[in-house]
J.: 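Here it is: the structure, laid out below.
All values below come from the heavy atoms of this structure, side chains included, with hydrogens, waters and symmetry mates left out. Just follow the structure's listing: the first ligand is 1, and inside any ligand the first atom is 1.
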Amino acid sequence: MTRLRPAVIVHYHELSLKRGNRPLFLRHLARNLLAATRDVGPLTLRQLSGRILLDLAGNPRPEAVRDRVARVVGVASCALAYRVPSTLDSMKAVIGELIQGREFPSFRISARRAFKTYPMSSVEINAALGAFVLERVRTRVDLTHPAFTIHVEVLPAETFVYLDRTMGPGGLPVGASGTVAALLSGGIDSPVAAWRMMKRGCRVLFVHFHSVPYLPPTSQEKARALVEQLTAWQYRSELLFVPFGEIQREVVLGVPPPARVVVYRRLMVRIAEGLARRRGALALATGESLGQVASQTLQNIARIDEVAGMPILRPLIGMDKLEIIEQARRLGTFEISIEPDADCCTLFVPPHPATRMSAEDVRDVEAKLDIEALVARGCEEATAEIFE
Ligand code: ATP
Ligand code: MG
């Protein structure tokens, strides 16, 4: 019996690798793969042509490594593979072991040669290994809808044989696109928005505004739980808490009720931007989706953008609530988000806030406030927590 030598083989989309980006992409992907698997080691990482190999020699938990890798952003797919020398006999030996005791109505061999000087073509490898399987199992070949696929990847130094491929999230590795500051409420949308930014290669800095002691601290607890969940994709997160209650009290003194939500939101953006700049973030991100609530009309979005000195990214802008919920379920944030809480934007706000504020209206109401002082105060009073 041959000793199986397990490895996880990681594929990424070549398409996302435009010329100069390649080394950067691979450097971040490699670092993230190591971070994602640090507690299920040991393993060694090697770059091969067009793929990454995680050598699992001596690793007691190959499946756990594979499952971790399957959610690293930038991974197109991964598989728990077995390594053999690139001879037909070695391939047969390992396939013999992998199919032992299995029954499957149909199958195919899917051979790929990563270098074209190998003496056999992939069609010839498919035929030879297919015949080998047919001698041992009562089954048939089905090239279009096989019940079972045996993948064989022939590289110069060795060959990888594997059965099941797990799809990864795709996208770009976290870190490759720089840092954004995500405004994280306790709601359903903003965690999904933050994840979408991670998927485009951003490291996310989280900023949460709360109204303790005017409201109970439940929103902070939810923000913590959400960040903990999302840290599975970026391995280390910083969450900033901004006490917003006193600032809101000042707003209430001068601003009529219908205008408060927009004024709150403009203050949030200014404060988040201040915090973002100090930490090198280049953009903000929110969970806004067009028309979903009163503050998310085009007019009010324009009022919010007016005060920002950096881009506000809104990755959910064109998504329906149902799509967002589905995504939140897949991320495991939905259950956290639907816990009841009191969001700070509801504090001192009427049931029907203004949906179409003009630039002049907002300017007039803000003239009664010392905006600069409020923003400085928000930035100074922010506290940080680290998750890893
Ligand atoms: P969510 O489901 O993300 O709470 P929402 O549908 O409740 O969004 P709004 O309340 O208008 O919509 O909030 C829009 C966006 O503003 C949120 O997605 C989030 O990015 C930001 N935001 C709202 N409240 C807070 C808060 N307390 N702290 C940080 N960001 C917030
Ligand atoms: Mg909300």
J.: Going by side-chain contact (heavy atoms from CB on, under 4.5 Å), name the residues that satisfy it together with I386, two or more places apart in sequence or in a different chain.
T.: R236, E238, E388

J.: Decide whether an N or O pair under 3.5 Å exists between A285 and ligand 1.
T.: no

J.: Given M268, E288, R314, R265, which one has a non-hydrogen atom that is nearest to atom 13 (O) of ligand 1?
T.: R265

J.: Going from CE on M91 to CG on D89, what distance comes out if it is rounded to the nearest 0.5 angstrom?
T.: 9.5 Å

J.: Closer than 4.0 angstrom, basic N to acidic O: yes or no for E228 and R224?
T.: no

J.: Which of the atoms of ligand 1 are close to L184, meaning less than 4.0 Å from one of its heavy atoms?
T.: 28 (N), 29 (C), 30 (N)

J.: Are a donor atom and an acceptor atom from the side chains of S219 and H208 found within less than 3.5 Å of each other?
T.: yes

J.: Could an N or O of ligand 1 be found under 3.5 Å from any N or O of G287, whether backbone or side chain?
T.: yes

J.: By side-chain hydrogen bond (donor to acceptor under 3.5 Å, both in side chains), which residues pair with Y162, not counting sequence neighbours?
T.: E153

J.: When you check the gap from the basic side-chain N to the acidic O, do K321 and D189 get nearer than 4.0 Å?
T.: yes

J.: Based purely on interatomic distance, does L183 place a nitrogen or oxygen under 3.5 Å from a nitrogen or oxygen of ligand 1?
T.: yes

J.: Number the atoms of ligand 1 from 1 as they appear, then name those within less than 4.0 Å of a heavy atom of T286, with their elements.
T.: 20 (O)

J.: Using a strict cut-off of less than 4.0 Å between a Lys/Arg side-chain nitrogen and an Asp/Glu carboxylate oxygen, indicate whether R68 and D39 qualify as a salt bridge.
T.: yes

J.: Between V207 and ligand 1, find which residue part has any heavy-atom pair under 4.0 Å and reply side chain, backbone, both or neither.
T.: backbone

J.: Counting each atom of ligand 1 from 1 as listed, which ones have a heavy atom of G187 under 4.0 Å away?
T.: 1 (P), 2 (O), 4 (O)

J.: Between Q296 and ligand 1, which residue portion shows a heavy-atom distance shorter than 4.0 Å: side chain, backbone, both, or neither?
T.: side chain

J.: Minimum distance, heavy atoms only, to atom 3 (O) of ligand 1: which one of S211, A182, S190, S219 is it?
T.: S190

